[in-house]
Amino acid sequence: MKTQVAIIGGGPSGLLLAQLLHSRGIDSVVLERKTKDYVLGRIRAGVLEQGLVRLMEEAGCAERLHAEGIAHDGTLVSYGDEMFRVNFTEHTGTPVIVYGQTEVTRDLYEAREKAGGKIEFNVESVVIHDADSDAPHLTYAVDGEARRLDCDFVAGCDGFHGVSRQAIPLDVRREYEKVYPFGWLGILSETPPVNHELIYANSPRGFALCSMRNENLSRYYIQCSLSDKPEDWTDEAFWQELKRRIPPDQADKLVTGPSIEKSIAPLRSFVTEPMRWGRLFLCGDAAHIVPPTGAKGLNTAASDVHYLYNGLREHYENASSEGLDAYSEKALARVWKAERFSWWFSSLMHRYPDQSEFDLKMQVAELEFLRANKAAQQAMAENYVGLPY
Ligand code: APR
Ligand code: PHB
């Protein structure tokens, strides 16, 4: 089989790229190792930057997002019994949109199917050949049948555990990583959110986050030990701990209920450089990971897709390699700013096992500065709603 762009990974990065390319008549094939149901079964964050909203509009997939997405003009930040609001719209003129990333992926699958997009599921043993030549190709298997896909370019959208990053030679690749000494225990419950906006809480017992998917589907997280397992926590134990970490007036109005999903996610900052090797381009989690504190995972994948899509368009429409040649540098420039914001917000809001009394004083001083200083709130708001592409 032959295509113009071979895309490894049928998550949001791969699907968004495929749909955008399709909108310009550029052919692609998506190779996904799982089933569609498995991909859609993943519970992910739910805060979208305007840049991603615009890309979904450009891809012709934003109808449900506009109908069901909830605009949030700000967020609440609490520390101890104190709480203040950072107003995104006042500082930046733009809100964020709360809409499950699983729904983004669902909308993209629906659009690809409607457009007759080529997606192969249950793909195994993907190998990238001759990425640093003018004629790369992939080999892989489906149901034990060996297959080959010849292409002009390969987009590695296969996430942190994919094969694409490994295709870049070790003597070329530079990796940067920070592993956090805690995880996030998250639950989904069919209950009304405790507040109409998110609450990020720094409490002496650890971080907590109150989020949502819609007016009757809430998403809550508490910082937990890396040795914890979801089954160690009953629903009741979770609710009691969450109530201890958010301000009392919020805890008093928290509506609890049975969890319909419960999982623990580790926190990691990770970047690989470069994000290109010959005709292989890494996108999204294949190239970088952020702690979920700043909700930057999908939103940074979106800017990667934007740069790569426009670089490929220039190649096919104007016979120019300018965009592709600038891809890695441009994508990384924004990736590192998202890494910094996610690291900063994680450092500010979590309790670390080795924190000294001085460290705790620094957290409170930073929170009080953020609470009182317009420039500090402006900086946080600009990063949270998304820096320019
Ligand atoms: N062959 C084919 N597919 C693969 C392979 C492989 N060897 N390895 C991984 N995949 C698939 C996975 O099954 C997954 O569906 O690649 C996809 C990668 O999707 P994500 O991990 O969601 O990464 P990405 O699309 O970059 O999404 C970025 O979106 O879901 C949010 O916050 C989340 O940070 C994440 C962001
Ligand atoms: C979520 O709703 O899952 C969510 C929201 C904001 C974050 C992280 C996760 O920073």
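First listed ligand is number 1; within each ligand, the first listed atom is number 1.
Under a 4.0 Å criterion applied to the non-hydrogen atoms of Lys34, ligand 1 contributes the atoms 13 (O). Of all the atoms in ligand 1, the ones that sit under 4.0 Å from a non-hydrogen atom of Gly297 are 34 (O), 36 (C). Within the listing of ligand 2, atoms 5 (C), 6 (C) sit less than 4.0 angstrom from a heavy atom of Leu198. Listed by number with element, the atoms of ligand 2 under 4.0 Å from a non-hydrogen atom of Ala45 are 1 (C), 3 (O), 4 (C), 9 (C). Residue-ligand proximity, Gly284 to ligand 1, at heavy-atom distances under 4.0 Å covers atoms 26 (O). Ligand-side atoms of ligand 2 in range of Val47: 5 (C), 6 (C), range being under 4.0 angstrom from any heavy atom. Listed by atom number, the atoms of ligand 2 under 4.0 Å from Gly46 heavy atoms are 1 (C), 2 (O), 3 (O). In the vicinity of Ile8, heavy-atom distances shorter than 4.0 Å reach the ligand 1 atoms 1 (N), 2 (C). Per-residue contacts place Arg219 under 4.0 angstrom from the following atoms of ligand 2 (heavy atoms of the residue considered): 3 (O). Atoms of ligand 1 lying under 4.0 Å from at least one heavy atom of Gly162, given by number and element, are 8 (N). Taking every heavy atom of Val39 and a limit of under 4.0 angstrom, the matching atoms of ligand 1 come to 15 (O). Ligand 1 places these atoms under 4.0 Å from at least one heavy atom of Leu31: 2 (C), 3 (N).
Both tests hold for Arg165 against Phe160: distance to the six-membered ring centre under 6.0 Å, angle to the ring axis within 45°. Figure legend: cation-pi geometry between Arg276 and Tyr327 absent, as NZ or CZ is not positioned both under 6.0 Å from the six-membered ring centre and within 45° of its axis.
When hydrogens are left out, the protein atom nearest atom 19 (O) of ligand 1 is Gly11 CA, 3.6 Å; that is the closest non-hydrogen contact. Looking from atom 3 (N) of ligand 1 to the surrounding protein, the closest heavy atom is Arg33 N, 3.2 Å. In this structure, atom 6 (C) of ligand 2 lies nearest to the protein heavy atom Tyr200 OH, 3.4 Å. In terms of protein heavy atoms, atom 3 (O) of ligand 2 is closest to Tyr221 OH, 2.6 Å. With respect to atom 8 (C) of ligand 2, the closest heavy atom belonging to the protein is Pro292 O, 3.2 Å. Scanning all protein heavy atoms for the shortest distance to atom 27 (O) of ligand 1 gives Pro12 CG, 3.5 Å. Closest protein heavy atom to atom 7 (N) of ligand 1: Val163 CG1, 3.7 Å. The nearest heavy-atom contact from the protein to atom 12 (C) of ligand 1 is Arg42 NH2, 3.5 Å. Closest to atom 28 (C) of ligand 1 among all protein heavy atoms lies Asp285 OD1, 3.6 Å. From the protein, the heavy atom lying nearest to atom 25 (O) of ligand 1 is Ser13 N, 3.0 Å. Of the protein's non-hydrogen atoms, Glu32 OE2, 2.7 Å is the one closest to atom 13 (O) of ligand 1.
Not a single heavy atom of Val123 sits less than 4.0 Å from an atom of ligand 1. In this structure, Trp184 counts as a contact residue of ligand 2, since one of its heavy atoms falls inside 4.0 Å of the ligand. Using a 4.0 Å cutoff on heavy atoms, Glu124 does not count as a contact of ligand 1. Using 4.0 Å as the threshold, Phe345 has no heavy atom nearer than that to any atom of ligand 2. The shell of residues lying under 4.0 angstrom from ligand 1, judged by heavy atoms, excludes Ala45.
Under a 3.5 Å cut-off, the side chain of Asn318 and the backbone N or O of Ser320 do not form any donor-acceptor pair. Not a single donor-acceptor pair under 3.5 Å links the side chain of Asp143 to the backbone N or O of Glu145. Looking at Asn299, its side chain does come within 3.5 Å of a backbone N or O of Val47 through a donor-acceptor pair. Counting only distance, with no hydrogens or angles, the side chain of His350 and the backbone of Ser346 share a donor-acceptor pair below 3.5 Å. Between the side chain of Ser203 and the backbone N or O of Gly206, at least one donor-acceptor pair lies under 3.5 Å. The closest donor-acceptor contact from the side chain of Glu197 to the backbone of Gly74 lies under 3.5 Å. One N or O on the side chain of Ser328 and one on the backbone of Met275 form a donor-acceptor pair closer than 3.5 Å. When atom types are taken as modelled, the side chain of Asn195 and the backbone of Gln250 share no donor-acceptor pair closer than 3.5 angstrom.
By the 30° and 60° cut-offs, the orientation of the rings of His315 relative to Phe153 is perpendicular. The aromatic rings of Phe182 and Tyr180 are tilted relative to each other, their planes meeting at an angle between 30° and 60°.
A side-chain donor-acceptor contact under 3.5 Å links His129 and Thr139. A donor-acceptor pair shorter than 3.5 Å can be found between the side chains of Tyr99 and Arg64. Using modelled atom types, one finds no donor on one side chain facing an acceptor on the other under 3.5 Å when comparing Gln377 with Asn87.
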Stepwise side-chain contact (heavy atoms from CB on, under 4.5 Å) check, Ser78 with Tyr200: CA-CA 6 Å; Ser78 73; Tyr200 288 87; over 6 Å; no
side-chain contact (heavy atoms from CB on, under 4.5 Å) evaluation trace for Arg112 with Cys61: CA-CA 10 Å; Arg112 295 305 302 131; Cys61 306; over 6 Å; no
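Only the side chain of Val126 comes within contact range of ligand 1, with a heavy atom under 4.0 Å; no backbone atom does. Contacts between Ala295 and ligand 2, counted as non-hydrogen atom pairs separated by less than 4.0 Å, involve both the backbone and the side chain. Only the side chain of Arg44 comes within 4.0 Å of ligand 1, counting heavy atoms alone; its backbone N, CA, C and O stay farther away. Only the backbone of Cys157 comes within 4.0 Å of ligand 1, counting heavy atoms alone; no side-chain atom from C-beta on gets that close.
Partner of Tyr176 under the ring-ring contact (aromatic ring centres under 6.0 Å, His included) criterion, out of Trp343, Trp336, Phe270: Trp336 alone.
Any N or O atom pair closer than 3.5 Å counts here, and Thr293 shares at least one such pair with ligand 2.
Here Glu49 pairs with Arg334 in a salt bridge; the nearest charged N to carboxylate O distance falls below 4.0 Å.
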